[in-house]
Amino acid sequence: LSGCGSESDGDTIGVSLIVKTTSNPFFVAMQEGAEAAAEDAGVELSVAAGQSDGDEETQIQAIENAISRGDAGILITPNGPGVEDALIRARDAGLYVIVLDTPPSDTEAADITFATDNFLAGQKIGQWAAAQLGGEKAVIGMIDIFDDKIVSVDVQRDQGFLDGMGIDIGDPAVIGDEASTGQYSGGEFEIVGHEASQGAEDGGRTAAENLLSANPDINVVYTINEPAAYGAYEAFEAAGATEDLVVVSVDGGCAGVDAVTGGIIGATSQQYPVKMAELGVEAIKQLVDTGEAPETTEGLDFYNTGVELVTDQPHDGIEAITTDEAKELCWG
Amino acid sequence: MNTDKTPILEARGLVKTFGRVVGLDGVDLELYPGEVLAVIGDNGAGKSTLIKCLTGAEIPDEGEIWLDDRLTRFKGPQDARAHGIETVYQNLALSPALDIAANLFLGREERKPGLLGSLLRVVDTKGMRRRARAELSALGITTLQDVTVPVENLSGGQRQAVAVARAAAFGSKVVVLDEPTAALGVRESNQVLELIRNLRDRGVPVILISHNMPHVFEVADRIHIQRLGKRAATITPETHSMTDAVAIMTGAREAGE
Amino acid sequence: MNTDKTPILEARGLVKTFGRVVGLDGVDLELYPGEVLAVIGDNGAGKSTLIKCLTGAEIPDEGEIWLDDRLTRFKGPQDARAHGIETVYQNLALSPALDIAANLFLGREERKPGLLGSLLRVVDTKGMRRRARAELSALGITTLQDVTVPVENLSGGQRQAVAVARAAAFGSKVVVLDEPTAALGVRESNQVLELIRNLRDRGVPVILISHNMPHVFEVADRIHIQRLGKRAATITPETHSMTDAVAIMTGAREAGE
Amino acid sequence: MSQQSASEVPASAPDLAEEFLDRTTPLDRVRGVLHRHPAISPGIVLVLAVIVFGGLNDRFLEPSNLSLVTQQVAVVGTLALAQTLIILTAGIDLSVGAVMVLASMVIAQTTVNNGLPPLAGLGLGLAVGLAAGAANGFLVTRLKLPPFIVTLGSLNVFLALTLLYSGGATVRGRDMPSQLTLTGETFALGGVNISLGVVMMSVLYVAVALILHGTAWGRHVYAVGDDPEAARLAGIRVSRVLTSVYLASGAILAVAAWIQIGRSNAASPNIGVDLNLDSITAVVIGGTSLFGGRGAVWGTLLGALIVGVFRNGLSLAGLDVLWQTFAVGVLIIAAVSVDQWIRKARK
Amino acid sequence: MSQQSASEVPASAPDLAEEFLDRTTPLDRVRGVLHRHPAISPGIVLVLAVIVFGGLNDRFLEPSNLSLVTQQVAVVGTLALAQTLIILTAGIDLSVGAVMVLASMVIAQTTVNNGLPPLAGLGLGLAVGLAAGAANGFLVTRLKLPPFIVTLGSLNVFLALTLLYSGGATVRGRDMPSQLTLTGETFALGGVNISLGVVMMSVLYVAVALILHGTAWGRHVYAVGDDPEAARLAGIRVSRVLTSVYLASGAILAVAAWIQIGRSNAASPNIGVDLNLDSITAVVIGGTSLFGGRGAVWGTLLGALIVGVFRNGLSLAGLDVLWQTFAVGVLIIAAVSVDQWIRKARK
Ligand SMILES: Nc1ncnc2c1ncn2[C@@H]1O[C@H](COP(=O)(O)OP(=O)(O)OP(=O)(O)O)[C@@H](O)[C@H]1O
Ligand SMILES: Nc1ncnc2c1ncn2[C@@H]1O[C@H](COP(=O)(O)OP(=O)(O)OP(=O)(O)O)[C@@H](O)[C@H]1O
Ligand SMILES: [Mg+2]
Ligand SMILES: [Mg+2]
């Protein structure tokens with residue numbers, strides 16, 4: 001129970017953390033990181049969340065409430081571009097806005113962004129998968145999050161993965177507009193389909209089952225996150241089709257790293273939500289105390305909190321860390 | 001008695017089935033101007049179905065309805081109403097949450113005078129309440145004093161009084177009453193019989209469904225006897241006794257016409 | 001007539017208000033063994049409310065109910081039923097989607113013989129249908145031939161017949177009928193009156209609410225007249241005429257007792 | 001006998017006939033008053049909530065915060081108004097949020113991407129709202145399908161159409177002509193900033209309340225919701241009334257889309273899709289019966305404000321986000337319990 | 001007069017008395033049969049769907065795919081069974097998914113983190129299901145609140161409790177004792193893989209169907225849903241029946257939690273929260289009336305299968321995901337329309 005009974009008088013610094021939803025372990029980790037950092041820094045932290053992934057309305061209200069509460073800054077993982085105007089209003093009201101995880105489409109909306117490059121995260125696992133296949137024909141199943149919403153993480157990771165495989169992705173903002181067969185960097189490919197998983201185990205399993213029914217020869221599975229990967233693997237295991245199967249994912253939670261160790265996932269792109277949250281809280285604290293603002297990573301328009309490929313089957317020319325290293329950095 | 005006049009309302013060969021249940025099996029009915037026609041029959045004989053078909057509440061599967069010598073097809077109760085036929089259905093057709101006045105004027109609300117009414121279509125609530133009170137006391141219904149009470153708070157009999165009052169107040173061509181006195185007290189029942197006579201005297205013919213033979217023989221000019229979905233006979237109180245009527249109704253005897 | 005015996009069912013000073021409406025205003029009632037007690041009164045006089053309080057369907061605000069000289073408090077209709085009091089309420093209390101047989105046995109389903117019934121509590125559908133048919137024909141109700149028809153497909157009168165049959169079949173101590181013949185045909189009404197007499201002859205006292213004075217005077221031993229939520233008088237058909245009863249009921253005359 | 005018990009329905013200023021048999025306790029009498037004016041009970045809940053949250057955090061009662069609450073409520077309040085009309089006819093509309101989003105995307109994209117004049121874009125948005133209402137109404141009245149199912153199905157259809165049409169892209173307010181984002185403009189009224197969207201919502205409430213109370217159509221809406229068969233037999237064209245209700249609610253949803261664009265200064269396929277349950281919550285907390293025929297739009301406005309005040313107040317009070325979810329759940333049950341207790345006056 | 005019209009209610013093997021007044025067309029007669037056996041109409045929809053999808057993609061009809069469909073349906077089918085009981089009493093339960101998730105988290109965490117024996121963990125899960133049912137039932141029967149509101153509120157409460165309790169963490173199946181994931185085990189039956197979860201769901205359906213049709217309690221459930229006041233006056237303890245229905249449904253939800261753990265080989269707070277609407281969809285497509293008192297659990301099973309076949313079939317047919325959402329929306333409306341047309345036999 002964080003920040004209960006906050007009396008935002010002049011002395012305490014108030015910070016709002018606004019995450020996408022409360023039920024995703026990624027954001028739970030982020031919240032815990034922020035809470036720990038807030039305690040260290042003596043900052044009053046308020047947490048808010050959308051009712052579901054993609055819920056912009058609730059996040060807008062949370063931004064406004066942060067302004068009302070007199071917080072010094074906002075850390076937010078936006079549910080979509082719809083919240084950006086509210087962020088601009090918050091900045092106009094003198095709050096320092098740090099966008100976490102997903103860079104805003106409007107640069108005005110944030111003072112700075114601490115993010116993972118989701119497209120890059122996708123590319124890394126794509127390149128690894130291509131290398132792992134060693135020239136074999138790739139029969140690819142794509143497991144995304146939603147079929148009734150379009151969210152940027154979903155698009156960027158999906159398209160990044162295909163790009164990493166060396167497949168022409170067409171419009172990078174649109175899932176599924178690529179040719180379903182052709183050549184990837186290592187040989188022939190066939191994309192069986194894109195299925196939604198809601199980013200959870202059961203959805204991942206159902207999606208994988210449907211893909212497998214459509215084409216039992218699938219040997220590459222891209223998944224939006226590790227719970228979906230886990231569910232997908234269950235489906236392949238039940239079908240006895242795990243041999244030579246390449247499962248890739250994004251997130252790098254401790255459970256996900258375990259899954260890499262256990263051979264369920266071949267490689268995953270690790271992100272650092274805790275780091276994002278900690279950096280965010282500290283940055284705002286520092287800004288208030290010293291007036292010093294954080295700066296973007298060189299060459300990028302955001303502060304890259306980094307993404308690392310985690311695998312125990314490294315390939316030449318593809319930068320990666322081992323699961324042992326990843327365990328030191330993982331969250332959840 | 002009126003057989004030489006042309007009927008004001010006439011039904012020919014009405015058939016109505018409900019899935020596999022036959023409610024009406026080819027019924028004829030004539031209503032002459034200025035008469036009270038009683039419809040009697042056992043439970044399930046098809047009386048309610050008959051008048052529902054006559055008043056647009058059900059669409060008959062077969063058969064014709066003639067109103068004023070014109071073939072008519074009612075698409076719904078509102079069509080019959082538009083022709084001046086008012087009906088009290090057995091289940092009363094009142095809106096429980098609306099008050100008595102609103103129920104009396106339901107579907108024909110009066111508008112405020114002036115622009116408010118014509119342009120903005122504002123209803124004249126006060127005026128309708130006033131008229132409702134007047135209407136009720138004109139009918140001698142004393143059990144309903146406050147016309148702003150929602151109908152759901154009334155006793156069964158009080159509700160029936162509201163439904164009868166509505167039909168009586170607006171029926172200009174024909175008034176149809178399906179067991180209007182079933183739940184009414186003695187005094188209220190007598191008032192309804194009185195009302196039926198008044199309507200007839202005003203030249204409005206009435207169709208009355210009732211199981212109460214004394215009532216029927218008191219007010220009816222002719223009696224249509226319904227049996228097993230068909231018309232068994234049409235008799236008059238002069239030519240037949242109550243016992244005859246009951247005998248025909250129950251099939252104990254064929255109509256002696 | 002029975003005033004020297006002790007009443008089987010007795011109510012003292014029953015009061016029941018609905019928000020600001022007073023339904024009962026201190027009513028006493030005595031029912032003696034083996035008698036038919038009619039309750040009459042104008043619409044809204046509180047007859048239905050009175051019997052609802054007597055049968056557990058409403059909890060009175062004040063007053064006492066004595067059954068067999070024991071102070072009783074019914075928490076719901078099932079308590080009254082458990083004491084052998086069966087009631088036909090004015091709104092019939094039938095489940096529209098269940099069939100006739102299921103309605104007759106609702107709340108006291110019979111189980112199959114053997115382990116199937118005792119252990120697995122399986123109901124004896126066929127047996128109940130058989131008994132339902134027997135029950136109905138014993139009561140002379142011929143309008144209901146197929147006991148597997150859902151009640152919602154019956155005419156108003158047919159439904160009333162089902163409700164009356166249920167009460168008659170199971171009432172062991174008292175049977176209460178709230179306007180049981182309101183929607184019934186002539187023959188069916190007579191059957192119900194016959195039924196009431198049978199019950200009395202079997203020693204089961206009956207409370208009958210009716211607006212039909214000839215019926216009331218035909219079967220009642222005593223008549224409780226309800227007026228404005230109070231008991232206006234208790235008379236007998238021997239000492240008072242129908243006109244007297246109506247006069248007391250409507251307040252035209254004070255009870256001459 | 002004289003009887004007293006007020007209608008919950010459009011009855012205005014209840015005539016109070018004299019009571020010669022009044023035997024009620026003071027508590028009963030309070031309940032009676034509350035029952036006669038059904039908007040009082042959510043009103044009391046609202047006032048209590050404001051007082052409590054004002055005590056928990058000083059900033060809550062600041063004019064800027066209160067003005068914020070009204071703005072936060074504007075969209076869901078407008079959706080709930082459309083929802084109230086449907087619920088009064090014993091229906092329910094799970095697609096209000098989806099229709100609003102579809103309309104807002106059409107308004108924004110046709111003006112920004114297709115270069116239509118803003119009025120034409122708004123007109124198209126209205127057309128979308130009306131078309132959605134007509135579709136739902138058609139399925140409910142012609143095919144006699146339960147509104148729950150119809151809107152459960154059309155919810156999916158509208159969501160898919162929105163994404164297929166928009167490709168998931170958000171249109172930003174600064175790219176739109178100012179008429180579209182007009183509803184987000186605020187003006188100061190005695191220190192409190194009021195947005196035009198809030199004004200529009202209020203105007204809609206007043207208009208719908210007057211129409212429901214003052215016109216024959218309004219009475220027919222109540223009658224149809226109360227007992228459609230009785231209304232039909234009384235000569236009301238039930239299908240026509242229902243269709244008109246769905247059309248009216250579609251039109252209100254188009255206005256909600258406009259308010260929504262101004263409020264978030266953007267048109268996004270992700271804003272407001274989840275507002276269905278919120279709009280139903282507002283209606284129910286406001287005392288309108290889900291069984292139709294009983295209720296008033298004022299209650300809905302109060303219901304929407306109650307939820308808004310709770311969300312804002314809990315957040316200012318710094319309650320953990322999960323406990324906020326918990327508290328909102330408890331609130332819904334508690335608010336309706338209070339209402340139910342008051343309604344016992346009737347039984 | 002002889003009448004013919006079958007009950008939709010627990011009537012088994014309708015007695016067909018002779019009809020001396022039968023004047024029906026063959027079409028009417030077909031409708032009559034369909035009406036008498038309400039599960040036939042969703043059955044026909046299911047068969048049609050299977051044929052169409054089989055035509056679209058050969059793989060659809062392969063035993064392995066059909067077995068997958070049954071596994072995909074097991075969880076939502078079990079939830080829909082609990083939902084059917086509630087809807088038969090004219091209620092609705094928006095919290096089924098949340099209760100299942102809460103129960104599954106309790107089962108998994110108590111065994112894995114607190115080291116309880118698996119049976120004890122399952123017992124605690126059952127206790128959670130029963131407690132949730134008792135809470136909902138209490139609010140519905142004692143406070144007389146509409147089930148929609150009660151479960152809208154308790155949905156939030158259960159969701160918050162789940163996240164507060166679990167901290168959002170997933171428990172992996174491989175960390176659990178095998179008894180917990182038992183429901184995911186499959187065995188081959190004539191070439192088709194059947195999971196134990198599917199078997200458990202089927203057993204539950206058979207048991208509930210037998211109880212509803214064969215016992216007094218079952219009849220009382222229908223009577224209470226049909227007309228609660230009539231049931232009360234007929235001497236049925238309405239509150240007791242309602243409470244028992246909520247408890248029974250809570251117990252079924254606990255079983256659903258177990259099936260769910262086996263199915264996804266994990267317990268996660270993210271799984272299945274969205275299944276409320278899916279479960280209601282299955283019930284309604286299966287022909288159970290949202291107004292209570294009419295319907296049968298067989299229909300629900302068929303309804304769940306229809307939705308499952310559609311989702312799987314559309315995906316195999318290679319339809320774009322957004323169009324799948326669209327198609328499911330259209331399906332819901334179409335399936336219920338067909339059902340409604342058949343039911344016209346009654347009117
Ligand atoms: N909607 C319906 N669905 C099925 N059957 C119906 C329906 N309406 C009426 N019936 C049947 O049609 C027959 C005639 O019914 P109707 O209501 O016309 O009888 P009635 O003469 O009015 O009887 P009562 O005197 O009891 O009112 C009855 O057998 C009844 O069961
Ligand atoms: N549930 C209720 N809520 C409010 N008022 C009620 C309720 N039930 C009955 N009343 C009122 O109590 C009074 C007595 O009603 P009751 O139904 O007992 O009359 P009754 O004598 O049975 O009349 P009838 O002969 O018309 O059936 C009436 O004024 C009625 O409006
Ligand atoms: Mg009739
Ligand atoms: Mg009565």
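Here the structure is a predicted model, which means the values were calculated and not measured. Throughout, a chain's letter reflects where its sequence line sits, starting with A, and its residues are numbered from 1.
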Work out which heavy atom in A:I60 is nearest to a heavy atom in D:S264; give both atom names and the distance. CD1-CB, 3.6 Å
Between D:T325, D:L159, D:N312, which residue shows the highest count of heavy-atom pairs closer than 4.5 Å to chain A? D:N312
Where on A:Q51 is there a heavy atom nearer than 4.5 Å to chain D: the side chain, the backbone, both, or neither? side chain
Would you call D:R172 and A:E108 a salt bridge, using N to O less than 4.0 angstrom? no
Give the minimum heavy-atom separation between A:S68 and D:R59, together with the two atoms involved. O-CD, 3.1 Å
How far apart are the closest heavy atoms of A:V47 and D:Q324, and which atoms are they? O-NE2, 4.5 Å
Which answer fits D:D278, side chain, backbone, both or neither, if we ask what part of it has an atom under 4.5 Å from a heavy atom of chain A? side chain
Per side-chain contact (heavy atoms from CB on, under 4.5 Å), D:T170 is matched among A:S152, A:P81, A:S105 by A:P81
Given heavy-atom pairs under 4.5 angstrom as the criterion, report whether the side chain, backbone, both or neither of A:A86 touches chain D. neither
Which residue out of D:N65, D:L68, D:V76 racks up the most heavy-atom pairs below 4.5 Å with chain A? D:L68
Please look at A:N79 and chain D and tell me whether the side chain, the backbone, both or neither of the residue comes under 4.5 angstrom of a heavy atom of that chain. backbone
With heavy-atom distances below 4.5 Å as the criterion, would you say the side chains of D:S268 and A:E56 are in contact? yes
Under-4.0 Å salt bridge between A:D106 and D:R174: yes
Best-contacting candidate, A:Q61, A:E57, A:E84, against chain D by heavy atom pairs under 4.5 angstrom: A:Q61
Closest heavy-atom pair and its distance - D:V321, A:A49: CG2-N, 3.8 Å
Part of A:I88 within contact of chain D (heavy atom distance under 4.5 Å): side chain
So, for A:N65 and D:R311, which heavy atoms are closest and what is the spacing to 0.1 Å? ND2-O, 4.2 Å
CZ of A:F146 to CG of D:L163, rounded to nearest 0.5 Å, is 11.0 Å
Side chain, backbone, both or neither: which part of D:Q260 has a non-hydrogen atom closer than 4.5 Å to chain A? side chain
Between CD1 of A:I67 and OG of D:S64, what distance do you get to the nearest 0.5 Å? 9.5 Å
Can any side-chain N or O of A:R69 pair as donor or acceptor with the backbone N or O of D:S315 at less than 3.5 Å? yes
Residue A:V151 versus chain D: region with a heavy atom under 4.5 Å: side chain
Between CD of A:Q31 and CG of D:L322, what distance do you get to the nearest 0.5 Å? 6.5 Å
